[in-house]
Amino acid sequence: MNSQKSHTNFELIKKSSQTAARLGKLYTPHAVIETPVFMPVGTQATIKAMNQDELRDMGFKIILGNTYHLYLRPGHELISRIGGLHNFMNWNDAILTDSGGFQVFSLSDLRHINTAGVMFKSYIDGSSHEFNPERVIEIQEAIGADIIMAFDECTPYPSTWEYTREAAVRTHQWAERCKAAHSRPDQYLFGIVQGGLYKDLREWSAEFINALDFPGNAIGGVSVGEPKEEMHNVVEWTAHLLDENKPRYLMGVGTPLDIINFVMQGIDMFDCVLPTRLGRNGSMYTTYGRINIKNARFADDFTPLDPECDCYTCRNHTRAYIRHLYKSGEILAARLATYHNLYFYKRVIEGIRKAIAEDRLVEFRNEFMAKYGKDD
RNA sequence: GGGGGGAUUCCCGAGUGGCCAAAGGGAGCAGACUGUAAAUCUGUUGCGGAACGCUUCGGUAGUUCGAAUCUACCUCCCCCCA
């Protein structure tokens, strides 16, 4: 057991008797992370609208950065020169960098894929760049995150079985090449399962990636616009095939209820832009469901965003004030809302961990849904 | 006192005989957002139940088959010269 723990740097603390949920500890060079965990997305070396102290004070121990964005600007060499991303952005806890695989999907009109890699046009200045497994590992090693991701191809929804299979073959080859190219022992390289919405491809991909024996395994290719049930199926097909002694990371997910549901399927790590993006766009999470603070009905609502929240925003400001800030285009609106939304996620994930510890996750989910209502 | 330019739907502003309930922007109202090309994007915004009909482009009276667009007068605003 001990040798396995040191190999994966993941310690399984407790398994739920009700569901596939687990409690764990992920040891990284910069932080010990209690799982299940939600990781805020900081694509460009910043969680938009937040400063590092605020994130740390909320209790986030790991955040995301993005290889593609940081490579284009300011450049991984520059980041490397000041000692890596931790130093550059003055973040002393853990960082995970996404490999750019999602940009293969999201910037689809700006790229060309072949087996060797992906040719990209910069969304900033149109210049051409090539990403391939070796290059992506080199960049991620220069950036220096605690956890780095294999370069994968995130296929769009919908895709044919044939194309999804081709993309998965590439993703598998790239995973092997990433593993071979990876040289920094103080970084953990996670593999990524693809396979779209096809059960046979997902199972095949999960078994293939699992067999490569990465210190952690991710499920990619979801949250690309597919129906919720499809996402649920993908996790159901794959999660149990991934080594239970290693962390399982569901990439890009999700809503608060998604997180609860997928924890119950054995997922340990999540990241999602929703709390930050929705915050900037005027949508706020509350115990009783999401609200659009810009709606007229909040104009003279002098209560906090969420009556059951004790975050900085809710302790100090009213819905009416925050609505006013939005309508006025004031930057503080985005800050207060982002803080609140991230804090909401923090409360949910802490609630999940506590519920697993007490072995009452199912009850926790029911209580959450009774108040929160439909999932959005 | 003389000469010139204007008044358009909540605001700014286009439109100079029919294709105009009237471009575009703003504001308003609502919706979307899941490994962030996102402080973004979409819809909607005279009235009536929609096909369609009705009322509207400073005011009044005209010309015309037809006017926001042409004419006359009126009201108000701006600029220039005394």
Side-chain angles (χ1 to χ4, degrees), chain A residues 38-50 62-70 72-73 96-111 120-126 145 147-155 157 171 190 192-194 218-228 230-232 234-235 249-259 261-262 267 269-285 290-299 322-323 325-338 341 345 375-376:
Chain A
F38 175 77
M39 308 178 282
V41 180
T43 304
Q44 315 217 53
T46 169
I47 311 298
K48 296 183 193 296
M50 290 293 94
I62 179 167
I63 60 174
L64 255 67
N66 190 290
T67 302
Y68 178 70
H69 298 257
L70 296 173
L72 286 181
R73 183 171 57 194
L96 180 153
T97 43
D98 187 24
S99 62
F102 186 72
Q103 278 61 47
V104 178
F105 156 77
S106 67
L107 303 177
S108 58
D109 50 337
L110 293 174
R111 53 81 170 143
F120 271 111
K121 278 194 155 179
S122 162
Y123 71 90
I124 300 168
D125 62 6
I147 297 170
I148 66 177
M149 301 303 297
F151 188 51
D152 65 326
E153 178 179 344
C154 183
T155 45
Y157 170 80
T171 293
F190 282 23
I192 304 177
V193 175
Q194 287 289 342
I219 299 168
V222 296
S223 68
V224 290
E226 76 282 8
K228 189 80 75 183
E230 301 275 13
M231 190 193 287
H232 197 88
V234 168
V235 178
Y249 167 25
L250 184 61
M251 306 186 76
V253 174
T255 67
L257 193 55
D258 282 340
I259 292 174
N261 286 331
F262 293 128
I267 301 296
M269 302 168 68
F270 301 87
D271 77 280
C272 191
V273 302
L274 277 177
T276 47
R277 180 183 290 169
L278 291 184
R280 271 174 282 123
N281 292 341
S283 195
M284 264 121 268
Y285 289 100
R290 230 170 74 192
I291 60 173
N292 183 343
I293 200 65
K294 292 187 255 191
N295 287 175
R297 64 196 166 105
F298 299 120
I322 294 163
R323 175 175 191 274
L325 293 177
Y326 268 101
K327 301 306 280 186
S328 309
E330 286 294 338
I331 196 132
L332 184 58
R335 284 184 37 69
L336 293 174
T338 300
N341 280 351
Y345 268 64
D375 183 29
D376 62 355

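A, B, ... follow the sequence lines: proteins, then strands. Residue 1 opens every chain. Treat the numbers as computed from the prediction; the structure is a model and nothing was measured.
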Can you check the [X] [atom1] to [N] [atom2] distance for me, whole Å?
X        : N     : atom1 : atom2 : result
A:Leu107 : B:G35 : CG    : C1'   : 13 Å
A:His69  : B:A38 : NE2   : C1'   : 11 Å
A:Ile63  : B:U36 : CD1   : C1'   : 14 Å
A:Arg280 : B:A37 : CZ    : P     : 11 Å
A:Asp109 : B:A37 : CG    : P     : 11 Å
A:Ile192 : B:G35 : CD1   : C1'   : 8 Å
A:Phe102 : B:A38 : CZ    : P     : 12 Å
A:Tyr249 : B:G35 : OH    : P     : 9 Å

Quote, to the nearest angstrom, the [atom1] distance that separates [N] from [M].
N     : M     : atom1 : value
B:A32 : B:A38 : C1'   : 12 Å
B:A37 : B:U45 : P     : 33 Å
B:G43 : B:C54 : C1'   : 26 Å
B:G1  : B:U63 : C1'   : 34 Å
B:C77 : B:U8  : C1'   : 15 Å
B:A82 : B:G15 : C1'   : 37 Å
B:G58 : B:U9  : C1'   : 14 Å
B:C79 : B:G26 : P     : 30 Å

Original post:
Donor-acceptor pair under 3.5 Å: do we get one between A:Asn66's side chain and the base of B:G35?
Top reply: no
**OP:** State whether the distance check finds a donor on one side and an acceptor on the other, under 3.5 Å, for side chain A:Ser106 versus base B:U36.
**Re:** no
Holding to side-chain contact (heavy atoms from CB on, under 4.5 Å), I want the full list of residues that pass it with [X], two or more places apart in sequence or in another chain.
X        : result
A:Arg290 : A:Leu278, A:Ser283, A:Tyr285, A:Tyr372, A:Asp376
A:Asn281 : A:Arg277
A:Glu330 : A:Leu325, A:Ser328

Do [X] and [Y] have side chains that approach each other closer than 4.5 Å (heavy atoms only, starting at C-beta)?
X        : Y        : answer
A:Tyr123 : A:His69  : yes
A:Pro275 : A:Thr338 : no
A:Met269 : A:Met251 : no

**OP:** Would you check, one step at a time, whether the test side chain to side chain contact (heavy atoms under 4.5 Å, CB included) holds for A:Arg111 with A:Lys121?
**Re:** CA-CA 6 Å; A:Arg111 53 81 170 143; A:Lys121 278 194 155 179; over 6 Å; no
What's [X] touching, base or sugar-phosphate or nothing? Going by heavy atoms closer than 4.0 Å.
X        : answer
A:Leu64  : sugar-phosphate
A:Asp125 : nothing
A:Glu330 : nothing
A:Lys121 : nothing
A:Leu250 : nothing

Subject >> Footprint string (nucleotides 27-33 of chain B, 5' to 3'): B base within contact, S backbone only, - free, heavy atoms under 4.0 Å >> reply: -SSSSBB
Does [N] pair with anything, Watson-Crick or G-U wobble, both distances under 3.5 Å, and if so, with which nucleotide?
N     : answer
B:A37 : none
B:U71 : B:A61
B:G43 : B:C29
B:A50 : none
B:G24 : B:C12

Original post:
For B:A37, does OP1 or OP2 lie under 4.0 Å from any side-chain N or O of A:Gln103?
Top reply: yes
Original post:
From A:Leu107 CG over to A:Phe102 CZ, what is the distance, rounded to the nearest 0.5 angstrom?
Top reply: 9.0 Å
Subject >> Residues which pass side chain to side chain donor-acceptor pair (under 3.5 Å) with A:Asp125, listed by chain and number, not counting sequence neighbours >> reply: A:Ser122, A:Ser127
Subject >> Residues from residues 38-50 of chain A lying under 4.0 Å of RNA chain B - heavy atoms >> reply: A:Val41, A:Thr43, A:Lys48
Original post:
In this structure, which one of A:Leu64, A:Ile62, A:Asp98 forms a side chain to side chain contact (heavy atoms under 4.5 Å, CB included) with A:Ile147?
Top reply: A:Ile62
Original post:
With a 4.0 Å cut-off, would you call A:Lys228 and A:Asp258 a salt bridge?
Top reply: yes
Original post:
Can you list the steps and then say if A:Asn341 with A:Thr276 is a side chain to side chain contact (heavy atoms under 4.5 Å, CB included)?
Top reply: CA-CA 7 Å; A:Asn341 280 351; A:Thr276 47; over 6 Å; no
